[in-house]
Amino acid sequence: MAKQVTDRQGAVALVASAADTHAVRLQQKFQAIFAEHLKPGEVMPDVGLVANLIGRRLGAVNTALVEKSDAYDRELSDDAGPRERRDEAAARLTSEIVEIRGTLEAAYGPAVLRELGLDGKTEVEPKAILAKAKRLVDELGRPVSAWPKPRRKGVMLDPAAWVSDLLGPIATLEQALADVAREAREAQAASDAKATAMAHNDDVFARSAGCLSGLLRLVAEDTLARQVRPSGRRPGRVAEPEESASGEEPSPEGQEA
């Protein structure tokens with residue numbers, strides 16, 4: 001699991017634990033401070049329960065993020081197989097093309113290679129290999145009479161006979177490329193889902209931790225309030241001790257903010 005997710009797990013665990021641990025104390029101090037301000041018929045709000053609910057919601061939202069992150073990791077681990085099959089199919093097809101090219105050059109000379117698009121460097125990108133193989137299949141399908149006379153007497157070739165050697169590897173590579181493309185789409189979807197879950201986690205964390213910190217400050221639990229205050233510059237994390245309430249670094253002594 002990525003560090004950015006585990007860091008958020010730790011921050012949520014800290015805030016949720018504080019909410020659960022200090023809910024009773026929060027309620028007691030809130031009641032002690034505000035009881036005298038109740039009017040007849042009014043009921044003291046249960047801010048301890050509010051703290052509990054904050055912690056529970058944070059935990060649920062963070063669990064959803066962890067699940068999306070795990071799903072993304074699993075999706076990436078599934079990609080190796082299709083890529084290996086693609087590379088193996090591309091290598092096999094390249095080998096067939098190279099052998100055919102060598103035979104054609106020996107029989108007819110380099111001019112035929114230029115005509116068939118087989119001159120130059122051997123393709124290394126699977127899609128380019130596939131395109132070249134398909135073109136070669138079409139070219140090899142010519143009747144024997146359409147080919148030039150071999151350079152040496154006694155040599156007889158029927159290039160059309162090699163088409164079957166290419167069709168199998170072509171089909172294999174096409175399927176492998178389709179599998180890789182599908183895995184790429186699924187990986188992107190998993191990545192998008194993870195990003196959405198992380199953004200939601202960070203938004204809920206900022207609001208929830210900010211609310212809990214505010215409640216603790218309200219009842220003069222300033223040390224606890226600082227411990228759960230959300231960071232203004234590190235989404236989904238609590239503020240560092242040196243971080244100001246605005247999220248900015250404190251100005252050096254003697255300088256204006």
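Only heavy atoms go into these numbers, but all of them, side chains included; no hydrogens, no water, no symmetry mates.
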Consider only side-chain heavy atoms of I, L, V, M, F, W and Y, link residues closer than 4.5 Å, and tell whether F34 and V47 are in one cluster. yes

Residue pair V15 / S208, side-chain heavy-atom distance below 4.5 Å: no

Should we count CZ of R217 as having more than 12 external heavy atoms under 6.0 Å? no

With rounding to the nearest 0.5 angstrom, report the CZ to NZ distance, R86 to K127. 9.5 Å

Less than 4.0 angstrom from a charged side-chain N to a carboxylate O is my criterion; do D202 and R8 meet it? yes

Is there a chain of hydrophobic side chains (I, L, V, M, F, W, Y, each step under 4.5 Å between heavy atoms) that links L49 to M44? no

Could you list the residues that satisfy side-chain contact (heavy atoms from CB on, under 4.5 Å) with T223, not counting sequence neighbours? R226, Q227

In terms of heavy-atom contacts, L116 and L104 come closest through CD1-CD1, 3.5 Å

Which pair of heavy atoms, one from V228 and one from A18, lies closest together, and at what distance? CG1-CB, 3.7 Å

Gap between atom NZ of K132 and atom CD1 of I170 - 0.5 Å precision: 13.0 Å

In this structure, CG of L53 is separated from CG of L58 (nearest 0.5 Å) by 11.0 Å

Should the pair R182-E186 be classified as a salt bridge under the 4.0 Å nitrogen-to-oxygen rule? yes

Please check: side-chain N/O of T94 versus main-chain N/O of A90, any donor-acceptor pairing under 3.5 Å? yes

Flag the pair R233 and E242 as a salt bridge only when some basic side-chain nitrogen lies within less than 4.0 angstrom of an acidic carboxylate oxygen. yes

Please answer whether the main-chain N or O of P235 pairs with a side-chain N or O of R237 as donor and acceptor at a distance below 3.5 Å. yes

Should we say atom CZ of R57 is surrounded by more than 12 heavy atoms from elsewhere, each under 6.0 Å from it? no

Heavy atoms of A19 and A51 approach each other most closely as CB-O, 3.2 Å

Looking only at heavy atoms, the pair that brings V112 and P148 closest together is CG2-CG, 3.7 Å

Straight-line distance of S95 OG to I129 CD1, nearest 0.5 Å: 11.0 Å

Taking side chain as C-beta onward, heavy atoms only, is K134 less than 4.5 Å from D138? no

Stepwise side-chain contact (heavy atoms from CB on, under 4.5 Å) check, E221 with H22: CA-CA 10 Å; E221 290 286 352; H22 303 295; over 6 Å; no

Let me see the working for V219 and L215 under side-chain contact (heavy atoms from CB on, under 4.5 Å), right down to the final yes or no. CA-CA 7 Å; V219 298; L215 288 173; over 6 Å; no

Would you say Y108 and L140 are hydrophobically clustered, going by side-chain heavy atoms of ILVMFWY under 4.5 Å? yes

Approximate separation, where rounding is to 0.5 Å, of E36 CD and L38 CG: 9.5 Å

Could you report the tightest heavy-atom contact between V155 and P150, atom names first, then the distance? O-CG, 3.3 Å

Look up atom CG in L93 and atom OG1 in T172, then write down how far apart they are to the nearest 0.5 Å. 9.0 Å

K68, NZ atom: more than 12 neighbouring heavy atoms under 6.0 Å: no

Checking the side chain of S191 only, and the main-chain atoms of Q188 only, is there a donor and an acceptor separated by less than 3.5 Å? no

Can you check whether L65's main-chain N or O pairs, donor with acceptor, with S69's side chain at less than 3.5 Å? no

When you look at K194 and Q4, which way does the side-chain contact (heavy atoms from CB on, under 4.5 Å) test go after all the steps? CA-CA 11 Å; K194 176 183 174 181; Q4 59 183 351; 3.7 Å; yes

Give a yes or no answer on whether the side chain of T196 reaches the backbone of D192 with a donor-acceptor pair at less than 3.5 Å. yes

V238 backbone acceptor or donor facing R234 side chain under 3.5 Å: yes

Would you say V66 and V12 are hydrophobically clustered, going by side-chain heavy atoms of ILVMFWY under 4.5 Å? no

Step by step, would you call E139 with E115 a side-chain contact (heavy atoms from CB on, under 4.5 Å)? CA-CA 9 Å; E139 297 290 355; E115 182 181 346; 5.5 Å; no

E183 and R85 ion-paired at < 4.0 Å: no

Cluster link L136 to L167, ILVMFWY, side chain under 4.5 Å: yes

Is a side-chain N or O of S77 found less than 3.5 angstrom from the main chain of R74, in a donor-acceptor match? yes

Answer yes or no: does atom CZ of R207 have more than 12 heavy-atom neighbours from other residues, nucleotides or ligands under 6.0 Å? no

Side chain proximity check, E243 to S231, heavy atoms < 4.5 angstrom: yes

If every non-hydrogen atom of A16 is compared with every non-hydrogen atom of G55, which pair is closest and at what distance? CB-O, 3.8 Å

Just wondering, are more than 12 heavy atoms of other shown residues or ligands nearer than 6.0 Å to CZ in R25? no

Measure the shortest side-chain to side-chain distance between D119 and P110 over non-hydrogen atoms and say whether it is less than 4.5 angstrom. no

